[in-house]
Amino acid sequence: MAADWEEIRRLAADFHRAQFAESVQRLSERNCIEIIAKLIQDKKLDVVHTLDGKEYITPAQISREIRDELYVHGGRINIVDLQQILNVDWVHVENRASDIAKSDKSVQLVLGQVIDDMYLNRLAEEVNDKLQEAGLMSIAELCKSYDLPGDFLTEELSKRLGKIIQGEMDQYNRGVIFTPAFVARHKARIRGLFSAITRPTPVSSMIGAFGFQEHLLYSVLEELVNTGRLKGTVVGGRQDKAVYIPDIYSKTQNAWVDSFLQQNGYLEFDALVRLGIPEPSSYIKKRFKSSKLLFLRAACVGQALVDQVEASVEEAVNSATWTDIQPILPSCLSMEDVGILINQAMRNTNVQSSARVLGGTVVVSEKFISSCLSLFDEAMQQKAEKEVKNNPVFLITEEDLKPSSLLTESSALSKKEKKEAERRKKATEGSVKAGGGGNAREIRIRKTKKKGRKDEDSDDETGPSQQNRNKQTEVPFMNQKEIVAALEQQVSDCPEEILSELAEHLVRPLTKSYQEVLRSVFMSSTSSPLGASKKKSMKDLQEEITNLYNNIRLFEKGGKFFSDETQVLIAKHALKTVCTDVTNILVNFLAADLMMSVENPSAITNEVRVKILGKLSEETKGPLMKLHNCLNGKTIEDFLTNIEICAEVCGFMLKKGDKKKERQALFLHRQALTEQLKETEDPALVLHLTCVLLFQASTQCMLHAPGRCVPQIIGTLTGRIPTEKQQLLSTYQSLVVKQLVSQSQGRKQVEEAEADKAEEQDEEARSIRTQLMSLTPQIKELVSQRKMSVTEE
């Protein structure tokens, strides 16, 4: 025992000496930092350096201090504040806060704030106190008060409903919390108010007048209606148009609707609206599910009325007459609704192809229209015979359109004899012209005017010259008033307005039939042409070809004012239009010998032309084939060279016009363009004609250019016309381009069903159209101003 105590005292003495002994080796602060840095680098030590550099702190310590600060701050603290308190980099604080939120379900990280359940429970108690006092709390107001997101508050408060918060959340609007007392109070008010209503009442007016909560009102109202406590229905759902209709009113309303439909066979939507039914179409479909009704724009009609219309239509078709549907229809139906009803009846009876609608309400059988056409057969024949007999202008036009009838007598001659005869005849005609023959010049003037008009109509190679030519060759039969007067004598009991519309439909078919009758009468009267008429026709053909040839030369001269690239475009346009016309006239002239000529030379296509040329003799085929190939070239010089050779082969003698004839051609060309400019209102055509006329006035050269060359023409006018006129032309051209682009985009958007963009495009198009209409008179005035200035000079 004593030995043990001795050992204890010895060890105590050693320990005492060790405590008070001075250390032999000590580590400096720098060595300690390096050692710790090495341990951190080797991941053997996990510590974080403080911002002031004086301390190291472990992640566990950061977590403990975060929890301590969260407790101190009442369960809610911002990470930015934590970073300043802990004096550690913000990234480490956020990472530790995220780890705590993941490991502890009672802690959450919301918008950079650490929040625990203790704070949320305290918040719920505060909300409950406010809710019991007010009876209603909005989540939006709580978001402003507590600076927390709405979804987070809604979720957390929902968990505490019925526990800490004595209330309930609206199932249709989760942004509002009620107390049971508040709901009961509102329910009693709603029940009493709607029990006293005896007529249809908009629900929205009740909300504004009595201060109900909208979603609560709809919920309570639906509950009371579904349980039968309120005798009525809500029409329109949960919308501003919702209307509460008491059963007592509905019964009276339904009785009136049933009685009206049964007695009259239709229901007008406006009448139901006046009766207090906000959505008539839905009401009728729900009320008359089993009934077969036809819904129109402003009304619906019963099957009995539809059957009556179908019977009238079918009777008119079968009896080849007409019938007016208006008397059997209600007067409240609009013209649009009447049209829908009639079209439906025609579809049901399958007579769309056997009848047509006139005046919006009259159904006319196609057989009746055919019978009306046949009434004019005798008058048509008589007028055609009189026209052919008394109208020489028509004879000349027909001969121009069908030159194949000119050479029937000379077709028996050999080629050489025919050429000699033609040369002698042309020489004779030349001597007559040299002696001042007035008739030949009058014919030339007439042809040149037609040429000028045709050249200017050929805008941008679209070929409206063909349409104008066809319109010129059509001889009218009767105008609309004359047709109405004739129908009044033949058709009885038909209203005047229907006869007028029927006459409008008959104008075109009668004119077309009249052209055929006229052609037939003319052909029969000229089946054996006399030599004198043949000679006259050949002279006219010679005159027409010569005029066209000289015009082409003048057009070529005008094209030389432009760049090479533009000259190619102008040459191609001339080759496809006026040069092709001359070629077709020559080919059709030769085709008469082969019995292959056509009535209208301009109708000859490339394929037909090649086919005709293939049938000709070799001496004629060669030059004509070269001429045909020139039409696909890029210059007019080759064409002019070949046309002279071909004309000689065909027996025609081309004479180049002198200065006097050129001036006359320029004058007639300008007159024709000016007349068309006065008549047209199309902005693109107005710009085209104005530029061509200004070009001719400033250069004294004729021009035949496509619409795509208008910018180049305006550029050529620079320095030739005043600057303000140049600017006006440029402004007008930009508006025309915008209009064309707008029309193209509008069609594309309509096809793609982009209604909003289409409306914007329509507004822009109207604005452009207004500007064009205001500038068009000024553009037309440029020509007259230029004409006056040229005259003064």
Side-chain angles (χ1 to χ4, degrees), residues 26-133 137 139-167 169 177:
R26 298 180 64 181
L27 292 175
S28 66
E29 181 179 349
R30 180 173 181 177
N31 292 335
C32 291
I33 293 174
E34 291 177 355
I35 291 171
I36 292 174
K38 182 64 175 176
L39 292 173
I40 294 174
Q41 183 179 357
D42 295 341
K43 297 184 179 179
K44 295 180 179 180
L45 185 64
D46 186 11
V47 293
V48 176
H49 202 280
T50 58
L51 294 177
D52 56 10
K54 295 180 179 180
E55 298 176 351
Y56 287 100
I57 184 171
T58 64
Q61 180 62 26
I62 296 176
S63 298
R64 282 193 296 273
E65 291 186 13
I66 289 175
R67 290 181 180 276
D68 293 342
E69 293 299 330
L70 181 62
Y71 178 79
V72 171
H73 286 79
R76 175 179 178 179
I77 187 171
N78 197 305
I79 290 181
V80 177
D81 298 335
L82 273 175
Q83 184 263 335
Q84 296 176 355
I85 294 172
L86 300 181
N87 196 25
V88 181
D89 189 80
W90 184 84
V91 175
H92 301 298
V93 177
E94 185 181 29
N95 291 337
R96 298 314 303 168
S98 299
D99 293 341
I100 293 173
K102 292 178 182 178
S103 60
D104 191 351
K105 294 183 179 179
S106 64
V107 179
Q108 301 183 58
L109 187 62
V110 181
L111 296 180
Q113 301 180 78
V114 183
I115 301 175
D116 63 3
D117 283 351
M118 178 182 67
Y119 173 79
L120 293 175
N121 291 335
R122 190 165 62 252
L123 183 147
E125 292 174 357
E126 294 177 6
V127 170
N128 184 59
D129 293 340
K130 295 180 181 179
L131 180 63
Q132 300 305 321
E133 181 180 350
M137 285 298 295
I139 298 294
E141 296 177 359
L142 295 177
C143 290
K144 295 179 181 179
S145 300
Y146 293 100
D147 192 22
L148 288 172
D151 294 340
F152 172 75
L153 270 180
T154 302
E155 181 180 356
E156 294 300 328
L157 295 179
S158 298
K159 296 178 182 177
R160 291 165 175 79
L161 288 176
K163 300 175 183 177
I164 300 176
I165 302 176
Q166 302 302 318
M169 191 171 288
I177 303 175

Closest non-hydrogen atom pair, [X] against [Y]:
| X | Y | result |
| --- | --- | --- |
| Ile66 | Val93 | CD1-O, 4.0 Å |
| Arg67 | Ile100 | NH2-CG2, 3.7 Å |
| Ala101 | Leu109 | CB-N, 4.1 Å |
| Arg76 | Tyr119 | NH1-OH, 2.7 Å |
| Cys143 | Pro149 | SG-C, 3.9 Å |
| Ile139 | Gly150 | CG2-O, 4.0 Å |

Worked verdict on Leu153 versus Leu123 for side chain to side chain contact (heavy atoms under 4.5 Å, CB included): CA-CA 10 Å; Leu153 270 180; Leu123 183 147; 4.1 Å; yes

Once you round to the nearest 0.5 Å, how far does [atom1] of [X] lie from [atom2] of [Y]?
| X | Y | atom1 | atom2 | value |
| --- | --- | --- | --- | --- |
| Asn87 | Leu82 | CG | CG | 12.5 Å |
| Ser63 | Asp68 | OG | CG | 10.5 Å |
| Leu161 | Lys159 | CG | NZ | 12.0 Å |

Lys/Arg-Asp/Glu bridge criterion (N-O < 4.0 Å) met for Arg96, Asp99: yes

Worked verdict on Gln61 versus Val88 for side chain to side chain contact (heavy atoms under 4.5 Å, CB included): CA-CA 11 Å; Gln61 180 62 26; Val88 181; over 6 Å; no

Compare all side-chain heavy atoms of [X] with those of [Y] and state whether any distance is below 4.5 angstrom.
| X | Y | answer |
| --- | --- | --- |
| Val114 | Glu69 | no |
| Ile62 | Asn95 | no |
| Leu142 | Leu157 | yes |
| Leu111 | Asp147 | no |

Greater than 12 external heavy atoms within 6.0 Å of Asp151's CG: no

Arg122 side chain to Gly75 backbone, donor-acceptor under 3.5 Å: no

Residues Val72, Ile77; criterion side chain to side chain contact (heavy atoms under 4.5 Å, CB included); working and verdict: CA-CA 9 Å; Val72 171; Ile77 187 171; over 6 Å; no

Option from Glu125, Glu126, Lys130, Gln132 for which side chain to side chain contact (heavy atoms under 4.5 Å, CB included) with Asn128 holds: Gln132

Side chain to side chain contact (heavy atoms under 4.5 Å, CB included) involving Gln108 - partner list, sequence neighbours excluded: Val110, Asp117, Leu120, Phe152, Glu156

Audit row: His92, Ile57, side chain to side chain contact (heavy atoms under 4.5 Å, CB included) steps and yes/no: CA-CA 11 Å; His92 301 298; Ile57 184 171; over 6 Å; no

